[in-house]
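Structure record follows, encoded as structure tokens.
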2 protein chains.
Amino acid sequence: MATVKSVTEATSSWDPYARGCPSRDLLDRIGDKWSILVLGELGKQGPCRFTQLRNRLSGVSEKMLTQTLRALERDGLVRRTVYPVVPVRVEYELTPLGQTLRVPLKALTEWSVRHLAEVLAAREVYDAHAGNKG
Amino acid sequence: MATVKSVTEATSSWDPYARGCPSRDLLDRIGDKWSILVLGELGKQGPCRFTQLRNRLSGVSEKMLTQTLRALERDGLVRRTVYPVVPVRVEYELTPLGQTLRVPLKALTEWSVRHLAEVLAAREVYDAHAGNKG
DNA sequence: CAGTATCCACTATGATACTG
DNA sequence: CAGTATCATAGTGGATACTG
């Protein structure tokens with residue numbers, strides 16, 4: 001997960017693109033391999049148990065799932081509820097704050113869905129030229 | 001930069017949160033350390049030369065700046081123009097496609113600015129508890 | 001069930017030096 | 001000026017085995 005950086009370099013008036021800025025911090029947090037997938041799953045389905053999540057995000061290791069969930073929980077985006085039964089049962093769900101993040105995430109998703117073809121096309125053009133030039 | 005993954009596992013109807021989905025690809029691309037900063041700078045100022053960019057994104061190495069710019073260029077988000085003068089002059093600018101990405105990026109930025117305090121507060125609470133529990 | 005603890009590989013990033 | 005090449009390293013992600 002993102003290393004926790006000091007905000008020493010930050011400017012007083014937030015420049016969205018300066019180092020140490022909120023959006024960079026956000027990207028550092030959700031730009032990892034599993035965060036948005038977890039956020040997405042929880043957003044779709046509501047409360048979800050650890051193993052359920054692991055199965056839905058097939059491919060994730062227990063270590064990474066735990067790590068991702070802990071980070072999201074730490075940031076107040078996900079709530080973790082432990083039911084003291086045996087065997088223990090733990091449920092994860094989006095917090096209200098986590099819910100609000102779905103909006104900008106959706107904007108990003110929509111952009112990518114709408115422009116994916118263009119990006120892919122650009123890649124092919126670029127790679128073709130690269131092939132010519134070595 | 002993101003490893004280029006096969007899309008073999010993708011479902012036919014795009015699930016925004018499934019692996020290999022457009023939004024994941026997008027996050028893989030712009031979730032790195034410099035892409036959104038470069039996008040942001042170019043969005044703010046229009047055409048910009050290599051060294052100008054390097055100075056504005058103070059802290060970036062030439063290698064990373066080149067790598068980031070190449071990736072963005074490959075994806076059709078940034079245009080690279082070489083002026084065959086001596087010494088050579090290269091200008092970078094957002095393509096129309098790159099411009100459209102500023103909208104969802106702005107949504108993300110606004111979210112982070114608006115909710116940063118909550119996230120930070122949540123972290124402190126979490127870390128305080130972690131201290132208690134070991 | 002829901003983790004934790006280890007060890008390992010790869011990747012991303014960076015410092016530095018060199019070049020057309 | 002605008003890179004490229006090389007070397008070094010930290011951090012990310014993963015496989016596996018163990019535990020309350």
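Per chain, numbering begins at 1; letters A, B, ... match sequence-line order. Since the structure is predicted, the reported quantities are computational estimates derived from the model, not experimental observations.
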Round to the nearest Å and state the distance from A/Asp28 atom CG to D/dG13 atom P. 11 Å
Need to verify one output field. Residue with the more 5' nearest nucleotide on DNA chain D, A/Glu62 or B/Tyr92? B/Tyr92
What's the closest nucleotide to the side chain of A/Arg80 if the choices are C/dA2, C/dG14, D/dG13? C/dA2
Does any nucleotide pair with C/dC8 by Watson-Crick or G-U wobble geometry, both distances under 3.5 Å, and what is it? D/dG13
Picking from C/dT13, D/dG3, C/dT4, the nucleotide nearest the side-chain atoms of B/Thr66 would be D/dG3
Rounded to whole Å, the OH-C1' distance (A/Tyr83 to D/dG20) equals 20 Å
Tell me which nucleotide among C/dA2, D/dA2, C/dA15 gets nearest to the side chain of B/Ser61. C/dA15
So, is B/Lys63 close to the D/dT6 phosphate, meaning a side-chain N or O under 4.0 Å from OP1 or OP2? no
Between C1' of D/dA2 and CG of B/Asn55, the distance in whole Å: 13 Å
In whole angstroms, the gap separating C1' of D/dG13 from CZ of A/Arg54 amounts to 17 Å
Is there a side-chain contact between B/Leu116 and A/Leu26 in this structure, where contact means two heavy atoms from C-beta onward sitting under 4.5 Å apart? no
Quick check: does any side chain N or O of B/Ser35 sit under 3.5 Å from a backbone N or O of B/Arg29, one acting as donor and the other as acceptor? yes
Should we say atom CD of B/Gln99 is surrounded by more than 12 heavy atoms from elsewhere, each under 6.0 Å from it? yes
Rounded to the nearest angstrom, tell me the gap between atom CD in A/Glu91 and atom P in C/dG3. 12 Å
Figure out the CG/P separation between B/Leu27 and D/dG13, and round it to whole Å. 12 Å
Just checking B/Arg89: does its CZ atom have more than 12 heavy atoms from other residues, nucleotides or ligands closer to it than 6.0 angstrom? yes
From CZ of B/Arg89 over to C1' of C/dG20, roughly how many Å is that when rounded to an integer? 19 Å
Between B/Thr51 and D/dC1, does any side-chain N or O lie under 4.0 Å from OP1 or OP2? no
Nearest-neighbour nucleotide for the B/Phe50 side chain, C/dA2, D/dA2, C/dT13 considered: D/dA2
Which part of the nucleic acid, if any, lies within reach of B/Arg49 when heavy atoms closer than 4.0 Å are counted: base, sugar-phosphate only, or nothing? sugar-phosphate
A/Val88 has a side chain; which of D/dG20, C/dT13, D/dG13 sits nearest to it? D/dG20
Complementary nucleotide of D/dA8, counting Watson-Crick and G-U pairs under 3.5 Å: C/dT13
Among D/dC1, C/dA2, C/dT4, the one nearest any side-chain atom of A/Arg70 is C/dT4
Find the distance A/Trp34:CH2 to D/dG14:C1' and express it as a whole number of Å. 10 Å
Verify the neighbour count for atom CD of B/Gln45: are there more than 12 heavy atoms of other residues, nucleotides or ligands below 6.0 Å? yes
